[in-house]
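The next block holds one structure in the form of structure tokens; read it before the comments.
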Amino acid sequence: MPELPEVETMRRGILGAVGGKVVLVENIRCPKKPITILPSVVNIRRSIVGSTISAIERIGKRVVVVLQDKDNPSQAVNQRKLASKKYLIFEPRMTGLVLVANPPSAEHIRFRMKIGGGDVSEICFWDRRGLGSVQLLDHAKLQDKFGPGKIGADALSITTDNFFHQFHSSRREIKVALLDQKCVAGVGNIYASEMLHAAKINPQQKCSDLKRRQFNRLHHWMLSILNDAIEHEGSTLADGTYRNVLNRDGSYQNSHRVYDRESENCSSCNRSPVIRIVQSQRATFYCKRCQPLKSG
DNA sequence: ATTAATGTTCAGAA
DNA sequence: TTTCTGAACATTAA
């Protein structure tokens with residue numbers, strides 16, 4: 001799916017919807033096997049039409065539209081206000097897109113929401129493979145799914161200390177652990193390979209073999225690469241599935257040093273080809289010379 | 001016909 | 001308790 005930079009690009013793309021009022025909610029088509037929409041579209045429509053969008057947030061690789069319940073105006077006391085908030089979660093998984101216009105094809109539009117009063121007048125969720133989901137949660141359910149202990153700190157805001165703490169004692173391979181959203185939220189398959197290459201760490205190195213210095217380096221490059229990718233509006237791979245909210249390509253794929261560059265000469269050392277291996281059923285790319293596996 | 005694809009989650013076993 | 005494997009979800013393009 002879109003990873004953190006792609007989802008952050010979606011979030012920023014619909015920020016103009018803040019302050020707008022939801023005026024219409026519908027699912028456009030029902031393919032044989034519809035995507036997960038919970039509760040039903042009818043139910044979601046009943047609870048959010050008339051609500052005001054108070055923020056657009058991101059939890060790991062999910063876009064969160066925060067809604068202020070129409071029945072509980074903002075004058076209410078804080079506690080009540082929190083309880084009255086609703087959270088519409090768009091989870092793109094592998095091929096989902098949050099768009100404000102021009103979907104790649106009419107075929108796979110799954111959900112549409114019209115907004116009155118903001119810059120953005122329509123938000124739609126498009127998903128070719130249909131592994132994604134749209135879910136409306138109240139505050140309690142949100143805490144239940146993403147509260148403390150359920151998901152790691154966000155990759156953009158995790159401290160070096162916490163980052164070290166999450167990994168150092170694990171006996172898993174570092175690339176596998178990086179994809180575990182409970183350790184750190186937002187890192188996916190492309191950027192895991194990229195940041196390990198930048199930090200010159202072998203993807204098969206056990207976490208517990210890595211020194212504090214190496215975790216500091218990895219943390220540094222994680223921030224650097226993710227922020228750079230956000231500036232480039234994410235990576236649009238060869239299959240062209242990921243697009244920004246205006247259905248335009250991202251450009252960070254042009255900056256990939258190892259991902260999907262098997263057998264090309266490593267751009268760092270220029271002496272060794274990029275290798276492709278499989279870890280946890282996912283492709284990993286790295287340079288044997290720049291990222292040697294250290295024993296013990 | 002086969003394979004792999006930016007993700008998550010679950011069952012079952014070591 | 002931790003970690004690993006495999007499968008499932010559904011679609012498409014090489």
Side-chain angles (χ1 to χ4, degrees), chain A residues 1-10 29-38 58-63 89-98 103-110 125-135 144-146 149-152 155 166-196 204-209 225-226 229-230 232-244 249-256 258-262 276-285:
Chain A
M1 112 184 190
E3 306 180 28
L4 186 151
E6 290 75 26
V7 177
E8 177 62 16
T9 301
M10 294 174 193
R29 259 162 201 268
C30 264
K32 295 170 203 161
K33 193 86 179 198
I35 64 162
T36 301
I37 298 182
L38 290 172
R58 178 179 56 75
I59 298 179
K61 304 173 190 171
R62 300 162 185 86
V63 175
I89 316 271
F90 292 100
E91 184 174 286
R93 298 252 179 132
M94 291 294 265
T95 54
L97 294 179
V98 174
S105 69
E107 184 78 14
H108 301 297
I109 301 174
R110 311 294 184 143
F125 187 72
W126 179 95
D127 188 354
R128 195 183 60 193
R129 280 168 74 178
L131 302 180
S133 70
V134 178
Q135 293 189 52
D144 217 45
K145 289 196 145 190
F146 308 115
K150 303 297 169 66
I151 187 171
Q166 290 299 322
F167 293 99
H168 79 95
S169 61
S170 168
R171 270 140 283 136
R172 285 192 291 177
E173 296 172 346
I174 181 63
K175 156 70 159 46
V176 174
L178 277 171
L179 296 182
D180 183 346
Q181 303 297 298
K182 281 187 174 145
C183 296
V184 59
V187 176
N189 207 38
I190 294 176
Y191 299 101
S193 280
E194 292 297 322
M195 67 183 67
L196 286 167
Q204 291 180 298
Q205 200 79 54
K206 301 268 186 249
C207 294
S208 52
D209 290 341
I225 286 174
L226 293 178
I230 291 168
H232 287 80
E233 301 197 293
S235 303
T236 297
L237 298 188
D239 75 357
T241 299
Y242 165 74
R243 306 292 171 84
N244 71 15
D249 289 2
S251 63
Y252 193 74
Q253 66 281 4
N254 300 319
S255 302
H256 293 176
V258 287
Y259 186 84
D260 208 16
R261 294 193 180 282
E262 184 182 14
R276 179 188 186 277
I277 60 170
V278 172
Q279 295 174 279
S280 285
Q281 305 171 287
R282 315 293 307 276
T284 299
F285 300 87

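Lettering follows sequence order; numbering is per chain, from 1. A quick note: this is a predicted structure, and the numbers were derived from the prediction, not measured.
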Nearest whole Å is fine: how far is [N] [atom2] from [X] [atom1]?
{"X": "A:Ile151", "N": "B:dT9", "atom1": "CD1", "atom2": "C1'", "value": "14 Å"}
{"X": "A:Glu91", "N": "B:dT8", "atom1": "CD", "atom2": "C1'", "value": "7 Å"}
{"X": "A:His108", "N": "C:dA10", "atom1": "NE2", "atom2": "C1'", "value": "10 Å"}
{"X": "A:Ile190", "N": "B:dA4", "atom1": "CD1", "atom2": "P", "value": "17 Å"}
{"X": "A:Gln279", "N": "C:dT3", "atom1": "CD", "atom2": "P", "value": "15 Å"}
{"X": "A:Tyr191", "N": "B:dT6", "atom1": "OH", "atom2": "P", "value": "12 Å"}
{"X": "A:Ile174", "N": "C:dT3", "atom1": "CD1", "atom2": "P", "value": "12 Å"}
{"X": "A:Arg110", "N": "C:dT11", "atom1": "CZ", "atom2": "C1'", "value": "9 Å"}

Between [X] and [N], is there a contact of a side-chain N or O with OP1 or OP2 at under 4.0 Å?
{"X": "A:Arg276", "N": "B:dA5", "value": "yes"}
{"X": "A:Arg129", "N": "B:dA5", "value": "no"}
{"X": "A:Ser170", "N": "C:dT3", "value": "yes"}
{"X": "A:Lys61", "N": "B:dT6", "value": "no"}

Quiz item: Starting at the 5' end of DNA chain C, which residue's closest nucleotide do you reach first, A:Arg171 or A:Asp239?
Solution: A:Arg171

Quiz item: Just checking, is any N or O donor in the side chain of A:Tyr242 or A:Glu3 under 3.5 Å from an acceptor N or O on the other one?
Solution: no

Quiz item: Have A:His256 and A:Ser235 got a donor and an acceptor in their side chains that come within less than 3.5 Å?
Solution: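 A:Ser235 and A:His256 do have a side-chain donor-acceptor pair below 3.5 Å.
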
From C-beta outward on [X], which listed nucleotide comes closest to its side chain: [options]?
{"X": "A:Glu3", "options": "B:dT6, C:dC4, C:dT11", "answer": "B:dT6"}
{"X": "A:Asn189", "options": "C:dT11, B:dT6, C:dC4", "answer": "B:dT6"}
{"X": "A:Ala283", "options": "B:dA5, B:dG7, C:dT3", "answer": "B:dA5"}
{"X": "A:Gln281", "options": "C:dG6, B:dT6, C:dC9", "answer": "C:dG6"}

I need the minimum non-hydrogen distance between [X] and [Y], along with the two atoms involved.
{"X": "A:Asn189", "Y": "A:Ala283", "answer": "ND2-O, 3.1 Å"}
{"X": "A:Cys207", "Y": "A:Ala177", "answer": "SG-CB, 3.8 Å"}
{"X": "A:Lys61", "Y": "A:Val7", "answer": "O-CG2, 3.4 Å"}

Quiz item: Roughly how far apart, to the nearest Å, are C:dA7 and B:dT3 at atom P?
Solution: 13 Å

Quiz item: C:dG6 and B:dA5: how far apart are their P atoms, nearest whole angstrom?
Solution: 16 Å

Quiz item: Given that both distances must come in under 3.5 Å, which nucleotide forms a Watson-Crick or G-U wobble pair with C:dA10?
Solution: none

Quiz item: In the structure shown, which nucleotide is the Watson-Crick or G-U wobble counterpart of B:dT6, with both distances under 3.5 Å?
Solution: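 Pairing partner: none.
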
Quiz item: Which is true for A:Gly188 with a 4.0 Å heavy-atom rule: it touches a base, it touches only sugar-phosphate, or it touches nothing?
Solution: sugar-phosphate

Quiz item: Is any side-chain heavy atom of A:Arg110 closer than 4.5 Å to a side-chain heavy atom of A:Phe90?
Solution: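 No, too far: nothing below the 4.5 Å cut-off.
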
